[in-house]
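Below is one structure, written out as structure tokens; comments come after it.
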Amino acid sequence: MKNYTTYIFDLDGTITDTTQVWLGICRDGLLHCDVTPPKPEVLSQYTHDWKEMIKLGLREEHLDKFTKYVHRIANERLPQAPLHVGAYEMLERLKKQGKRIAIFSTLDRPIFEPAMKYRNLYAVSEVSVAGTDVPHRKPHPAGILKVLSDLDVAKEEYSQAVYIGDKDTDIQAANNAGIDAVLYYPPSHQKIYRLDDLKKHHPAAVITDWQELFTQ
């Protein structure tokens, strides 16, 4: 694994183990709007942007109703979602090594904030950016570029920065920003996401355990 100076992490599904939580939230949101949800492996492909739910049968005029419902139940369920095994210890270790750490998530700020606070992630993250802090969602690089700007990372230093996430849009966003992408692919994700599909976006590395970040 390459040794970077700047580590940017996705939050949802990467630091926090929320895959099943989100699938339940989206399923209940669709049911709330009288839409029959698809199987989990299908639903998981549409959870990065609420507008994607229209492709699953949600009426466009019900998008606001869906979003408000999801925000409400997400605020109840997400903050208490467990961290992936070894995630916080990994962040503390990187911080002690003098690495720069940031978190960028597609989560809307009203959901992002309580999750960050509940897990004390502000203590280990120098910069944090939520999905609604930037004008474009992943795979657009806006969020990653904002983090790099907030950290004052010069463009010639981008080769020493990496974005670590668990979805195809994470890898694409990193590539579009001009930095490396590392795919986090723990056993819990292997039942939902196909590794071959994710590898098509060319991550610089794939890890299944946080200790692999320190394997030189």
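Keep in mind the model is a prediction, meaning the values are calculated, not measured.
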Revision key, fill the gap. Those residues at least two apart in sequence (or on a different chain) that pass side-chain hydrogen bond (donor to acceptor under 3.5 Å, both in side chains) with His32 are none
Check your understanding: Which residue pairs pass the side chain to side chain donor-acceptor pair (under 3.5 Å) test with at least one member in residues 74-87, sequence neighbours excluded?
Key -> Asp28-Arg77
Check your understanding: What residues form a salt bridge (charged side-chain N to carboxylate O under 4.0 Å, His left out) with Arg27, not counting sequence neighbours?
Key -> none
Practice item. Would you tell me whether Lys167 and Thr47 have side-chain atoms, one donor and one acceptor, within less than 3.5 Å of each other? Key: yes
Revision key, fill the gap. Interatomic distance, CD1@Ile207 vs CD1@Ile164, rounded to 0.5 Å, equals 5.5 Å
Review point. Other than Val85, what residues sit in its cluster of Ile, Leu, Val, Met, Phe, Trp and Tyr side chains whose heavy atoms are under 4.5 Å apart, directly or through others?
Key: none
Practice item. Just grab all the side chain to side chain donor-acceptor pair (under 3.5 Å) pairs involving residues 11-26, residues at least two apart or on different chains. Key: Asp10-Thr14, Asp12-Thr18, Asp12-Trp22, Thr14-Asp166, Thr19-His189
Point to revise | For Tyr193, side-chain hydrogen bond (donor to acceptor under 3.5 Å, both in side chains) partners two or more places apart | key: none
Exercise for review: Count the heavy atoms belonging to other residues, nucleotides or ligands that lie under 6.0 Å from NZ of Lys65, then report whether that count exceeds 12.
Suggested key: yes
Review point. What residues, two or more places apart in sequence or in another chain, satisfy side-chain hydrogen bond (donor to acceptor under 3.5 Å, both in side chains) together with Asp196?
Key: none
Exercise for review: Output all residues satisfying salt bridge (charged side-chain N to carboxylate O under 4.0 Å, His left out) with Arg119, sequence neighbours left out; order by chain, then residue number.
Suggested key: none
Revision key, fill the gap. dist Thr106:OG1 -> Asp49:CG (nearest 0.5 Å) comes out at 8.5 Å
Exercise for review: Return the set of residues passing salt bridge (charged side-chain N to carboxylate O under 4.0 Å, His left out) with Glu156 (not counting sequence neighbours), or none when no residue passes.
Suggested key: none
Practice item. List for me each residue that meets salt bridge (charged side-chain N to carboxylate O under 4.0 Å, His left out) alongside Glu41, sequence neighbours excluded, and say none if there are none. Key: none
**Study point:** Any residue meeting side-chain hydrogen bond (donor to acceptor under 3.5 Å, both in side chains) with Asn120, in chain and number order, not counting sequence neighbours
**Key:** Tyr88
Practice item. Could you tell me whether Lys146 atom NZ has more than 12 heavy atoms of other residues or ligands within 6.0 Å of it? Key: no
Check your understanding: Taking only residues two or more places apart in sequence or in another chain, which ones pass ring-ring contact (aromatic ring centres under 6.0 Å, His included) with Tyr4?
Key -> Tyr7
**Study point:** Side-chain H-bond candidate by donor/acceptor type, Arg100 with Gln160, under 3.5 Å
**Key:** no
Point to revise | Atom pair OH/CG of Tyr118 and Leu78 - distance to nearest 0.5 Å | key: 12.0 Å
Exercise for review: Anything under 30° is parallel, anything over 60° is perpendicular, the rest tilted; go ahead and classify Phe104 against Tyr163.
Suggested key: tilted
Review point. Hey, are Lys95 and Glu92 close enough for a salt bridge, meaning a charged N less than 4.0 Å from a carboxylate O?
Key: no
Exercise for review: Answer yes or no: does atom CD of Glu61 have more than 12 heavy-atom neighbours from other residues, nucleotides or ligands under 6.0 Å?
Suggested key: yes
Exercise for review: Compare all side-chain heavy atoms of Leu148 with those of Ile8 and state whether any distance is below 4.5 angstrom.
Suggested key: yes
Practice item. Verify whether one side chain among His71 and Asp108 offers a donor that lies under 3.5 Å from an acceptor in the other. Key: yes
